[in-house]
Amino acid sequence: LDETAVASANEGDWDRERRGQGLGDAPPYCSYEGWSETLLFDATGIYYGECSDSGGSNGALCLCRVSPAPGECRVPTDIANFLGCSPGHLPSGGSCTPRCASGTFPSVASLSCIGGVLDPPTFTCGSAASTSDYSLNMGETWPQVCGYHITSLADCSAAAAALGLPETAAVEDGLSDSDTEPPFCYRRAATNELLFNIDGSNRGDCSEDTVCLCGASVPSG
C-alpha cells in the first residue's frame, strides 16, 4: 500500500459515515479505500460488498488472510440461491443469518461456529410455494422472534401483500443493532409502516407494536 495511507482502525459504522453507502456496497473487515488512501476496519463484519479496484472513486481493496484464522468457520458459497451470510467468516462462538435470493428462504434460522466447525454443516435456500409460507409474529408466544426470516426487501413486500396488510411497499428502516426493533421484515403498527432491517442486526422482539413478518415453515425442496 502507499506509504501515505492512514493506518486507522475505524471500528463500527465507518462505511456509512465515510461514504454514505449501503451495507451491500462495501466489504467487511479490513479494506483499503483508494480515493482517501485510508486503511479501514469494519469490526462488526456485517458488510457484504465485493472487493474492487482501489483506484476508483468508490473502490475498496480487501486485505485478506491466506488461510482461516484458528477456530474460524468458512461459510459455504456453492449453495443454490444463497447470497451470503453476515459476517461471511465466523470466529469460534460466532453466528450469522443466511441471506437467500428473492423468493427463497433459508432452511435454518442461523449458522453457528463451534471450534472451527460450522453448525449446521449444510443448509438450503428453498423457493416459496404459496402464501402459506408467510406468517405474522406478534409476540404472543415464545420465542418472540421469527423462526425463519424474510431476508430481502422484495420478499418483505410480497409477504405483506400475501398476508393482506394495508401497506405492501417495504422500505429500509435505516437502523443497525437496535435493541427495540426486530430484525429483517416487520410492521410498525402505530404508523402502518412496513419496514426492513437490511443487515438483520436489530435485536428487538416481535410484539403488537412491531409485528414481524416471517417465513412460516421450511419450503419443500
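Only this structure's heavy atoms are used, side chains among them; waters, hydrogens and symmetry mates stay out.
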Tell me whether V145 shares a hydrophobic cluster with L136, the cluster being built from Ile, Leu, Val, Met, Phe, Trp, Tyr side chains joined at under 4.5 Å.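 Looking at the clustering, L136 is in a separate group from V145.
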
Cluster check L83, L153: I/L/V/M/F/W/Y, side chain < 4.5 angstrom: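 No, separate clusters.
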
Would you compute the distance between atom [atom1] of [X] and atom [atom2] of [Y] and round it to the nearest 0.5 angstrom?
| X | Y | atom1 | atom2 | value |
| --- | --- | --- | --- | --- |
| L175 | T180 | CG | OG1 | 7.0 Å |
| D155 | H149 | CG | NE2 | 14.0 Å |
| M138 | D209 | CE | CG | 9.0 Å |
| T191 | E167 | OG1 | CD | 9.5 Å |

For the residue pair [X] and [Y], what are the closest heavy atoms and their distance?
| X | Y | result |
| --- | --- | --- |
| F123 | P76 | CE2-CG, 4.0 Å |
| D173 | N202 | OD2-ND2, 3.2 Å |
| N197 | P182 | CB-O, 4.1 Å |
| G139 | Q144 | O-NE2, 3.0 Å |
| S112 | S95 | OG-CB, 4.0 Å |
| C214 | N137 | SG-CB, 3.9 Å |

According to disulfide bond (SG atoms under 2.5 Å apart), who are the partners of C64, at least two apart in sequence or on a separate chain?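 Partners of C64 by the disulfide bond (SG atoms under 2.5 Å apart) criterion come out as none, since no residue qualifies.
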
If the condition is side-chain hydrogen bond (donor to acceptor under 3.5 Å, both in side chains), which residues does [X] pass it with, not counting sequence neighbours?
| X | answer |
| --- | --- |
| D179 | none |
| R203 | D177 |
| T210 | S207 |

Side-chain heavy-atom pair [X], [Y] within 4.5 angstrom cut-off:
| X | Y | answer |
| --- | --- | --- |
| D119 | C113 | no |
| L194 | V171 | no |
| I114 | C73 | no |
| F184 | C212 | no |
| R187 | L213 | yes |
| L63 | Y32 | yes |

Disulfide (SG to SG under 2.5 Å) partners of residues 153-204, not counting sequence neighbours, each pair once: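 As it turns out, the disulfide (SG to SG under 2.5 Å) pairs with a partner in residues 153-204, which skip direct neighbours, are C156-C185.
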
For F196, enumerate each residue passing the ring-ring contact (aromatic ring centres under 6.0 Å, His included) test, keeping only those at least two apart in sequence or located in another chain.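 With sequence neighbours excluded, F196 shows a ring-ring contact (aromatic ring centres under 6.0 Å, His included) to no residue whatsoever.
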
Would one find more than 12 heavy atoms of other residues, nucleotides or ligands at under 6.0 Å from atom CD of E208?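 It does not: E208 CD has 12 such atoms or fewer within range.
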
Can a donor-acceptor pair be found between the side chains of S201 and S176 at a distance below 3.5 Å?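 Per modelled atom types, S201 and S176 side chains form a pair under 3.5 Å.
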
Working note: C206 + V211, criterion side-chain contact (heavy atoms from CB on, under 4.5 Å); need CA distance, chi angles, decisive distance, verdict. CA-CA 5 Å; C206 307; V211 182; over 6 Å; no

Yes or no on side-chain contact (heavy atoms from CB on, under 4.5 Å) for R188 and L195, after CA distance, side-chain angles and deciding distance? CA-CA 7 Å; R188 190 173 289 155; L195 300 171; 3.5 Å; yes

